[in-house]
> 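Before I ask anything, here is the structure I am working with.
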Amino acid sequence: MTEDTITTRLAGLPDRPGVYIFKDIRGTVLYVGKAVVLKNRVRSYFHASANHSPKTERLVMEIADLEWIVTDSELEALILESELIKRHQPRYNVRLKDDKRYPYIKISLQEDFPRIFIVRSAQHDGARYFGPFTSSQAVHQTLDVLRRLFPYRTCNREITGQDARPCLYYHIKRCTGPCIGAIDRAGYREVIDQAILFLEGKSEVVVEGMAQRMEEAAAALDFERAAVLRDQVAAINTIIERQRIVSEHLHDHDIVAFARDNGQACVQVFFIRNGKLIGREYFVLTGAQDESESEVMGSFIKQFYSEAAQIPPEILLQNDLDEFAVIQSWLNQRRGTKVSLKVPKRGEKKAIVNMARENAVETLARLRDEWNADAHRHTEALTHLQEALELPAPPARIECYDISTLQGRNTVGSMVVFEQGAPSKQDYRHFRIKTVTGQDDFASMAEMLSRRFARARSARDARADAGRADRWAIMPDLIILDGGKGQLSAVREVMESLGVDHIPTVGLAKQEEEIFVPGRPDSIRLPAGSEALFLVQRIRDEAHRFAVTYHRKLRGNDTTRSLLDDIPGIGPKRRQALLKQFGSLDGIRGASLDDLAAVPGMNRSAAEKLVEYL
């Protein structure tokens, strides 16, 4: 976009609140912001006399296009801004470093017999959510404890209480057995309610209820039930003892503080419920360089609480917020009742904020040491690989290809990408081999590379025409093939025909970890235990895993389809309905005759044939 075009766009800016979007020449979103008055805010970026930070100056230099969306209020602009930042992850915004979705604990309260499991996003579906959490391992550990204390179901069975037998979890006391009628709906719901209270940090309430039921069971001479409750009370008391009592005066609060260094910030959140510290999480932000502390804090608050399953009535902050009023209004709307944002100046609340900040400083220091160690290992590995393969420079982008097949059926290929020694999973690709009949790894590998570079050419042409970026257009510095001389020879012929034979390409044979290079009669063996060998093996294993996973999925789908297709009376519609209802062939096998007959489109006669056949 020319300077005249930008000037024209600026002249058309409205005197309204809204969101503005800056893009580069390829159409990539650089920055998303909101404004009370779009005309004033956006124009301020382009004033010659503006005293911008170095970061903003770099942003302005890259802007090639701008868009805006008008809203009715600043609050609507804030909500839209958060959604657009989450969707586009603009590199000039302060944003959560990991673009993956953090895990939540979901309790499906909309079901008669709720389940508890892990999901990656919270929905408005009537369920109860806890999170987000940063560690999947910690969530799994929490669920393991929860299931020992409050045995709940995890299966997808339709609960009628009439099943002939329960699953293994009932026998090992990890499920209360609603499927066989061992517990009714009210009793099961009471178990779930206790689990919710426990996750909310109200452990004492849970213990009091259990202790009362234990005494009632003992008085009724139900000593087995009393013993189970006694053990649960003891287990919960052990957990309560580990939870740190922060203050008798603090009730339900979140404490938010951060530390930052070299453009990255580590935010620590303490979760205090009933005066106890029941958990804490840390989150890493990028793009914090040259931003004020209030901007860093405000950006985190908007991103975190747009996803948080719970918002307490009071949030204690390390710093004031520039958008204090509108953020507080937004939080009130999200919670449904009043939320107070406070920056304590003294006393217990100030002390707990300081403790959160000290934890953020220590966490950031630990993470920095880990990042530096990883970066050093990656640099060392790439340098050694460059020397061993006589490359002109360390290979910043490495692509590795593998083929997976079984007797020539469902042949698939995988492409995995490592950038600067680390996986770039957004660039992973699958290929279903289309032109090769039977098992021919050489021809399959050749087809995959031919299609990959054909896509690269198309992506470059499209980018030239439309100014859009395409990941296919990014060319590798090194290609690794999972295979020996045969695969290498077949691929080099394809690359020569496409004019990309200048890209260094090697084959890696599994048996002796030999590397074959075109034009060299002898293979190369990297030193045992070297970082270069470890990197090459990791890339090759990742390509193999990615290919095999996809192949198994296709093979499983074909197996299920073929078995169901052979059953008289089971056509495509019934097959689809059965798979939708039970998820897999194993699920269909485990279903009762009545359950099968109840599937839409099925009847008892078809269900009987299905049971007989399987």
> So which heavy atom on Pro600 is nearest to which on Ala577, and how close?
O-CB, 3.6 Å

> According to the side chain to side chain donor-acceptor pair (under 3.5 Å) rule, which pairs have a member within residues 145-163, sequence neighbours left out?
Arg115-Asn156, Arg147-Thr154, Arg157-Asp163

> Without swapping roles, check the side chain of Tyr188 against the backbone of Pro114 for a donor-acceptor pair under 3.5 Å.
yes

> Please step through side chain to side chain contact (heavy atoms under 4.5 Å, CB included) for the pair Leu341 and Phe324, ending with a clear verdict.
CA-CA 8 Å; Leu341 293 172; Phe324 181 90; 3.6 Å; yes

> Could you state the interatomic distance from CZ (Arg185) to CD1 (Ile159), rounded to the nearest 0.5 Å?
12.5 Å

> Answer yes or no: is there a donor N or O on one side and an acceptor on the other, between the side chain of Gln268 and the main chain of Val256, under 3.5 Å?
no

> For Asp252, what residues pass the side-chain contact (heavy atoms from CB on, under 4.5 Å) criterion, not counting sequence neighbours?
Arg273, Asn274, Pro313

> Using the salt bridge (charged side-chain N to carboxylate O under 4.0 Å, His left out) rule, take Arg604 and Asp594 through it: C-alpha gap first, then chi angles, then the decisive distance, then the call.
CA-CA 8 Å; Arg604 194 163 191 86; Asp594 290 337; 2.9 Å; yes

> State, to 0.1 Å, how close Gly287 and Val94 come at their nearest heavy-atom pair, and which atoms those are.
O-CG2, 3.3 Å

> Does a side-chain N-to-carboxylate-O contact under 4.0 Å join Glu314 and Lys349?
yes

> Grab the two heavy atoms, one from Tyr305 and one from Gln310, that are nearest each other, plus how far apart they are.
CE2-O, 4.3 Å

> Applying ring pair (Phe, Tyr, Trp, His ring centres under 6.0 Å) as the test, list every pair that has at least one member in residues 153-181; sequence neighbours left out.
none

> Can you tell me how far apart CD1 (Ile192) and CG (Leu146) are? Round to the nearest 0.5 Å.
8.0 Å

> Under the 3.5 angstrom rule, does the side chain of Asn93 hit a backbone N or O of Gln89 as a donor-acceptor pair?
no

> Roughly how far apart are Gln328 CD and Leu75 CG, rounded to 0.5 Å?
12.0 Å

> Run the ring-ring contact (aromatic ring centres under 6.0 Å, His included) test against His430 and tell me which residues pass, sequence neighbours left out.
Phe546, Tyr550

> Whether the side chain of Arg574 engages the backbone of Gly601 through a donor-acceptor N/O pair (distance < 3.5 Å, no angle test) should be reported.
yes

> If you compare all heavy atoms of Ala309 against all heavy atoms of Pro132, which two are closest, and at what distance to 0.1 Å?
N-CD, 4.4 Å

> Rounded to the nearest 0.5 Å, how far apart are CD of Glu542 and OH of Tyr428?
3.5 Å

> Taking only residues two or more places apart in sequence or in another chain, which ones pass salt bridge (charged side-chain N to carboxylate O under 4.0 Å, His left out) with Asp72?
Arg16

> May I ask you to say whether Arg230 pairs ionically with Glu215, meaning some side-chain N is under 4.0 Å from a carboxylate O?
no

> Given side chains that start at C-beta, do those of Gln123 and Lys106 come closer than 4.5 Å, heavy atoms only?
no

> When you compare the side chain of Lys86 with that of Arg95, does any pair of heavy atoms fall below 4.5 Å?
no

> Could you list the residues that satisfy ring-ring contact (aromatic ring centres under 6.0 Å, His included) with Phe283, not counting sequence neighbours?
Tyr102, Phe300, Phe304

> What pairs with Met415 under side-chain contact (heavy atoms from CB on, under 4.5 Å), at least two apart in sequence or on another chain?
Arg397, Glu399, Tyr401, Val417, Arg429, Phe431, Arg452, Trp472

> Kindly compute the distance separating CG (Asn603) from CG (Leu596), expressed to the nearest 0.5 Å.
11.5 Å

> With a 4.5 Å cut-off on side-chain heavy atoms, are Asp254 and Phe271 touching?
yes

> Can we say Arg366 and Glu370 salt-bridge, meaning some charged N sits less than 4.0 Å from an Asp/Glu carboxylate O?
yes

> Locate the shortest heavy-atom distance separating Lys302 from Trp330; write the atom from each residue and the value.
O-CH2, 3.3 Å

> Which residues pass the side-chain contact (heavy atoms from CB on, under 4.5 Å) test with Ala543, not counting sequence neighbours?
Cys400, Asp402, Ser414, Val416

> Please check this pair: side chain of Asn332 against backbone of Val339, looking for a donor-acceptor N/O pair closer than 3.5 Å.
yes

> Would a 4.5 Å heavy-atom cut-off, applied to side chains only, mark Val191 and Ile183 as touching?
yes

> In sequence, state the C-alpha distance, the side-chain angles, and the governing distance for Val269 and Tyr282, and then conclude on side chain to side chain contact (heavy atoms under 4.5 Å, CB included).
CA-CA 6 Å; Val269 184; Tyr282 73 83; over 6 Å; no

> Step by step, would you call Val412 with Ile403 a side chain to side chain contact (heavy atoms under 4.5 Å, CB included)?
CA-CA 6 Å; Val412 299; Ile403 296 293; over 6 Å; no

> With sequence neighbours left out, what residues match Arg335 under side chain to side chain donor-acceptor pair (under 3.5 Å)?
Thr337

> Given side chains that start at C-beta, do those of Val326 and Glu323 come closer than 4.5 Å, heavy atoms only?
yes

> Begin with the C-alpha distance, continue with both residues' side-chain angles, and end with the deciding distance and a verdict on salt bridge (charged side-chain N to carboxylate O under 4.0 Å, His left out) for Arg128 and Glu200.
CA-CA 11 Å; Arg128 181 72 185 273; Glu200 289 176 338; 2.6 Å; yes

> List in chain and number order the residues that pass side chain to side chain donor-acceptor pair (under 3.5 Å) with Thr176, two or more places apart in sequence or in another chain; answer none if no residue qualifies.
none

> Apply side chain to side chain contact (heavy atoms under 4.5 Å, CB included) to Leu109 and Ile196, showing your working.
CA-CA 11 Å; Leu109 294 178; Ile196 291 173; 4.0 Å; yes

> Can you find a heavy atom in the side chain of Leu285 that is under 4.5 Å from one in the side chain of Gln264?
no

> Do the side chains of Val19 and Leu84 get nearer than 4.5 Å, heavy atoms only?
yes

> Examine distances only and state if a side-chain atom of Ser73 and a backbone atom of Glu76 form a donor-acceptor pair shorter than 3.5 Å.
yes

> What are the two closest heavy atoms between Ala597 and Ala607, and how far apart are they?
N-CB, 3.7 Å

> Identify, with sequence neighbours excluded, every residue that meets side chain to side chain donor-acceptor pair (under 3.5 Å) alongside Asn354.
none

> Is any side-chain heavy atom of Phe270 less than 4.5 Å from a side-chain heavy atom of Glu281?
no

> Could you measure the distance from the CG atom of Asp541 to the CG atom of Asp482? Nearest 0.5 Å is fine.
8.5 Å

> Is it true that the side chains of Ser605 and Glu608 contain a donor and an acceptor less than 3.5 Å apart?
no

> Looking just at side-chain N and O atoms, do Tyr104 and Glu307 make a donor-acceptor pair shorter than 3.5 Å?
yes

> Identify, with sequence neighbours excluded, every residue that meets side chain to side chain donor-acceptor pair (under 3.5 Å) alongside Gln110.
none

